[in-house]
Number of protein chains: 2
Amino acid sequence: MDGRRSTRQRILDAATDLFGRRGVEAVSLDVIAAEVGVAKQTLLYWFPSKDDLVQTVLTEAAAELAVVIDAAVRAAPDSPLERIEAVVRAVFRPAVRRPALLGLVREVGRLAPAQAERLHGALAPLVDRAVAYLAAEMDAGRVRRGDPRLVAGLCYATVTGIATEPEALRSVGWQADVAGLRRLRSELLAFLRAALAPAVT
Amino acid sequence: MDGRRSTRQRILDAATDLFGRRGVEAVSLDVIAAEVGVAKQTLLYWFPSKDDLVQTVLTEAAAELAVVIDAAVRAAPDSPLERIEAVVRAVFRPAVRRPALLGLVREVGRLAPAQAERLHGALAPLVDRAVAYLAAEMDAGRVRRGDPRLVAGLCYATVTGIATEPEALRSVGWQADVAGLRRLRSELLAFLRAALAPAVT
DNA sequence: ACATCTCTCTACCATATGGTAGAGAGATGG
DNA sequence: CCATCTCTCTACCATATGGTAGAGAGATGT
């Protein structure tokens with residue numbers, strides 16, 4: 001509890017980063033301890049087991065993500081496209097874009113059902129709100145009609161697909177520098193705008 | 001080399017499935033051997049090392065995927081929307097949709113650069129062709145204008161995002177049964193059609 | 001000064017991992 | 001019948017893993 005970030009927090013940060021980049025099962029406690037610069041047993045003092053550490057990392061990441069997105073949506077005007085833009089811009093912010101946070105969603109699929117359940121619990125309110133909002137906007141004719149739940153899922157899949165498969169973009173010659181990120185963000189916005197725009201009748 | 005599928009092929013099948021579902025690092029040789037029903041050393045007879053097995057699994061999966069998609073594109077009429085539909089239908093075929101094949105793309109990000117390079121090599125011709133095709137269709141005004149490479153990347157991200165994050169869809173109440181898959185496929189088609197449709201001027 | 005509490009450490013352990021060495025079963029060919 | 005080749009096995013090994021036991025350092029309260 002000295003001037004530096006607390007040991008616990010440094011462990012969490014390192015674990016979040018490593019789990020997100022390499023995968024939960026691929027990262028050992030020794031590696032995390034070495035990264036933080038403490039003994040492995042210091043980890044086990046703060047977190048009773050690796051499972052517990054994983055659980056904490058995922059839960060806090062989900063909570064952080066929820067806060068960021070929620071704030072972005074609330075600050076945006078009540079227009080579907082504006083809101084999408086706000087969320088995309090929020091997700092592209094460096095603090096969120098760091099490999100860990102979005103990369104962790106890739107790990108969810110491998111968790112035991114009970115753990116995955118808890119994680120979804122953290123994001124469920126956001127999802128429900130997004131779906132209800134999409135449904136209302138579809139009714140109002142401001143968003144292309146469709147199954148609001150699946151449309152929300154597809155938007156999510158697109159964004160997380162980018163997060164978890166940046167190689168796909170690199171393989172088409174894209175580079176993850178500042179200019180590249182700006183171009184990707186604007187292309188993603190155009191993509192989602194078009195995908196959601198109401199059909200011309 | 002008896003009546004059953006050869007041991008080598010059974011090992012490859014099991015490894016593909018396990019790697020795709022649980023991740024390369026999370027699956028041990030013992031687990032694969034148990035799944036196939038042979039001794040671990042039989043694996044090491046057919047594949048000198050785990051690394052070699054991983055390499056083979058990924059390379060063959062990429063090749064299989066390339067063949068399936070290539071055939072679908074060639075069989076489809078020369079229209080952007082028809083081609084997209086053909087690819088989506090191909091990817092949704094059970095043989096491809098099995099957790100392993102598409103799930104493996106999730107592993108690529110964790111490979112050493114040299115390995116990832118080889119994999120992208122297997123898919124590069126497909127990607128290049130898709131990008132060139134998109135660019136031509138954009139020029140012809142049949143596809144919404146944009147950076148063809150990034151648009152291709154976004155389509156890919158959407159599809160792989162679905163493959164690697166089915167939880168996202170389940171968390172909005174979607175179920176992976178036959179009817180659910182049909183609905184998802186048609187929603188995905190509408191989504192991509194809209195995202196790619198030329199802007200109304 | 002003493003006791004207590006918080007935090008990090010060294011020393012160790014049982015198990016699982018990827019991998020090696022080499023034997024044995026069964027077919028094939030001279 | 002023997003030699004060879006293919007394939008799978010049992011028996012080991014060095015290392016790495018998650019986890020336990022317990023000691024010591026430093027602050028804090030009495």
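Residue numbering restarts at 1 for every chain, and letters A, B, ... go by the order of the sequence lines. Note that this is a predicted model, so its numbers are computed, not measured.
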Open item on the list: So, using side-chain contact (heavy atoms from CB on, under 4.5 Å) as the criterion, who are the partners of Ala66(A) when residues are at least two apart?
Closed with: Leu123(A), Leu126(A)
- [ ] Can you sort out the partners of Ala39(B) under side-chain contact (heavy atoms from CB on, under 4.5 Å), two or more places apart, ordered by chain and number?
- [x] Gln41(B), Thr42(B)
- [ ] May I ask you to say what Leu29(A) touches in the nucleic acid, namely base, sugar-phosphate or nothing, with a heavy-atom cut-off under 4.0 Å?
- [x] sugar-phosphate
Determine all donor-acceptor pairs shorter than 3.5 Å in which one atom belongs to a side chain in residues 71-91 of chain B; sequence neighbours excluded.
| from | atom 1 | to | atom 2 | distance (Å) |
| --- | --- | --- | --- | --- |
| Arg74(B) | NE | Asp70(B) | OD2 | 3.0 |
| Asp78(B) | OD1 | Tyr133(B) | OH | 3.1 |
| Ser79(B) | OG | Glu82(B) | N | 3.4 |
| Glu85(B) | OE1 | Arg193(B) | NH2 | 2.6 |
| Glu85(B) | OE2 | Arg89(B) | NE | 3.1 |
| Glu85(B) | OE2 | Arg89(B) | NH2 | 3.0 |

TODO: Return the value, rounded to whole Å, for the distance between atom CG of Leu44(B) and atom P of dC9(D).
DONE: 12 Å
Task: Value in whole Å for how far the P atom of dT17(C) lies from CD1 of Ile32(B) - done: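 So the two atoms are 11 Å apart, to the nearest Å.
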- [ ] Sort and list the pairs that fulfil side chain to side chain donor-acceptor pair (under 3.5 Å) and have at least one residue in residues 26-39 of chain B, not counting sequence neighbours.
- [x] none
Donor-acceptor pairs under 3.5 angstrom involving side-chain atoms of residues 175-184 of chain B: please list them, not counting sequence neighbours.
| from | atom 1 | to | atom 2 | distance (Å) |
| --- | --- | --- | --- | --- |
| Asp177(B) | OD1 | Gly180(B) | N | 2.6 |

Task: Among dC7(C), dT8(D), dC9(C), the nucleotide that comes nearest once only the side chain of Thr42(A) is considered - done: dC9(C)
- [ ] Treating a pair as Watson-Crick (purine N1 to pyrimidine N3 plus N6-O4 or O6-N4) or G-U wobble (N1-O2 and O6-N3) with both distances under 3.5 Å, list the stems of 3 or more consecutive pairs that involve DNA chain C.
- [x]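 Stem list for DNA chain C: C:1-30 with D:1-30.
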- [ ] For Arg185(B), check side chain to side chain donor-acceptor pair (under 3.5 Å) against everything at least two apart and list the hits.
- [x] none
Open item on the list: Tell me every residue that passes side chain to side chain donor-acceptor pair (under 3.5 Å) with Arg145(B), counting only those two or more places apart in sequence or in another chain.
Closed with: none
Between protein and nucleotides 11-16 of chain D, what N or O pairs are separated by less than 3.5 Å?
| from | atom 1 | to | atom 2 | distance (Å) |
| --- | --- | --- | --- | --- |
| dA11(D) | N6 | Gln41(B) | NE2 | 3.1 |

